[in-house]
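Counting starts at 1 for both ligands and their atoms, in listed order. The figures that follow rest on heavy atoms only: side chains count, while hydrogens, waters and symmetry mates do not.
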Amino acid sequence: MHAKQLRVGVVGATGAVGREMLKILEQRTFPAGIVRALASSRSAGREIPFMGGQLTVEELGEDSFHDLDLALFSAGGSISEQYAPIAARSGCVVVDNSSAWRMDPEVPLVVPEVNPDDLAWHKGIIANPNCSTIQMVVVLKPLHDAGKIKRVVVSTYQAVSGTGQKAIEELESQVRQMFNMQEPEAKVYPHQIAFNCLPHIDVFLDNDYTREEMKMVLETRKIMGDADIRLTATTVRVPVFYGHSESVNVETEKKISAAEARGILSQAPGVQVLDNPGEKIYPMPIHAAGEDLTFVGRIREDESIANGLNLWIVADNLRKGAALNTVQIAEVLVDRDLVRV
Ligand code: NAP
Ligand code: 3JN
């Protein structure tokens with residue numbers, strides 16, 4: 001079948017990530033003949049604008065995939081666990097945004113700027129990494145190639161859109177409540193998020209790290225193909241709507257000066273260096289929101305060790321962190337003829 005006739009399903013099409021996926025399919029004129037929007041029975045029948053027309057949301061079911069070639073999933077881990085194998089068995093290739101399949105050795109975990117060749121060994125399911133991992137590895141990979149990374153210490157500043165549509169609404173309504181002298185009501189997060197920071201993303205594990213923190217450790221090693229990289233993370237939710245920021249400290253085997261790092265990163269695919277302290281130029285979430293690149297600045301040598309760098313990395317978490325990376329994976333699958341149509 002010609003690529004133009006690709007039949008694509010978006011699972012979780014009504015959510016924060018799903019809606020961004022539809023936007024990106026449209027913006028990048030993805031070669032789809034048919035696009036179907038799938039979600040739960042709650043939103044079946046709803047209309048979503050797409051390519052100048054409307055898509056009617058269909059309820060996801062086991063028979064949703066037999067006439068699809070490609071499905072982009074963003075409806076949570078339990079939906080992916082249940083439906084991705086059903087889709088793959090029926091010949092529909094899945095690109096999954098959840099953590100359900102990321103660490104499965106049979107499933108490639110891909111950031112197209114870093115490890116596109118891993119797509120060659122897919123068996124029907126491909127995993128999209130966590131947003132905080134994606135924006136970090138597009139910057140780390142060229143530095144790893146230049147000087148071999150030994151250790152990374154990262155702290156994140158993550159926007160509420162990472163939690164989904166209800167969290168975006170919660171920050172909005174808490175800000176409104178506080179300006180009206182009312183008690184802010186917390187339903188999505190365990191504490192008030194407006195004018196606050198929560199060092200708590202996803203659940204706490206037995207080692208007292210959160211699952212978000214451990215995702216960054218394990219996913220980075222798998223994507224970079226280097227089990228020896230040591231990494232430790234602290235992930236923090238901040239009252240920002242769109243755009244995750246990260247403070248990243250990197251120790252390399254071979255010294256990379258700040259000037260060399262700027263040169264390397266200015267050539268890196270998907271990366272833009274914004275680093276001019278004299279002019280007060282550095283990446284910020286207000287500028288990264290709606291953009292496709294990952295921005296890096298505040299590039300400094302870590303003066304406390306021989307071979308260290310400090311970096312500040314910002315990207316749109318719903319785009320590069322989720323929907324865009326998923327669509328980019330799908331584009332590589334199409335370009336390399338890795339979708340069975
Ligand atoms: P969201 O705004 O809450 O949207 C959830 C979506 O899942 C909605 O479309 C919802 O449909 C759908 N859904 C829920 N239950 C369903 C069911 N039983 N059957 C079919 N569809 C169902 O959440 P989001 O922020 O878009 O995130 C969705 C998922 O994407 C997350 O759970 C996570 O796994 C993944 N994600 C990944 C990253 C990343 O870092 N790569 C970032 C964010 C999210 P209804 O409208 O019918 O409820
Ligand atoms: O919190 C963020 O900023 C990113 C959230 C990602 C997320 C949210 C709910 C479930 C994930 C993920 O992609 O890791 C999951 C999941 O475990 O699938």
Residues in the immediate environment of ligand 2 (any heavy atom closer than 4.0 angstrom):
Asn97, Ser98, Ser99, Arg102, Asn130, Cys131, Gln158, Gly162, Ile201, Arg211, Glu212, Lys215, Arg237, His244
Are [X] and [Y] close enough that a side-chain donor and a side-chain acceptor fall under 3.5 Å?
X      : Y      : value
Thr133 : Glu219 : yes
Arg46  : Gln54  : no
Thr163 : Tyr189 : yes
Glu253 : Asn307 : no

For Phe65 and Phe73, take the angle between the two ring planes, folded into 0 to 90°, and tell me which bin it lands in: parallel under 30, tilted 30 to 60, perpendicular over 60.
parallel
For ligand 1, list the protein residues that place a heavy atom within a distance below 4.0 Å of one of its atoms, sorted by chain and number.
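The answer is Gly12, Ala13, Thr14, Gly15, Ala16, Val17, Ala39, Ser40, Arg42, Ser43, Leu60, Ser74, Ala75, Gly76, Ile79, Asn97, Ser98, Arg102, Asn128, Pro129, Asn130, Cys131, Gly162, Gly164, Gln165, Gly321, Ala322, counting any residue whose heavy atom sits under 4.0 Å from ligand 1.
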Compare every heavy atom of Ala88 with every heavy atom of Val94, then report the nearest pair and how far apart it is.
CG2-N, 4.4 Å
For Trp312, give me all partners under ring pair (Phe, Tyr, Trp, His ring centres under 6.0 Å), at least two apart in sequence or on another chain.
Tyr157
Would you list the pairs meeting side chain to side chain donor-acceptor pair (under 3.5 Å) in which at least one residue belongs to residues 270-283, sequence neighbours left out?
Arg262-Asp275
Side-chain donor or acceptor of His287 paired with backbone N/O of Ala289 under 3.5 Å:
no
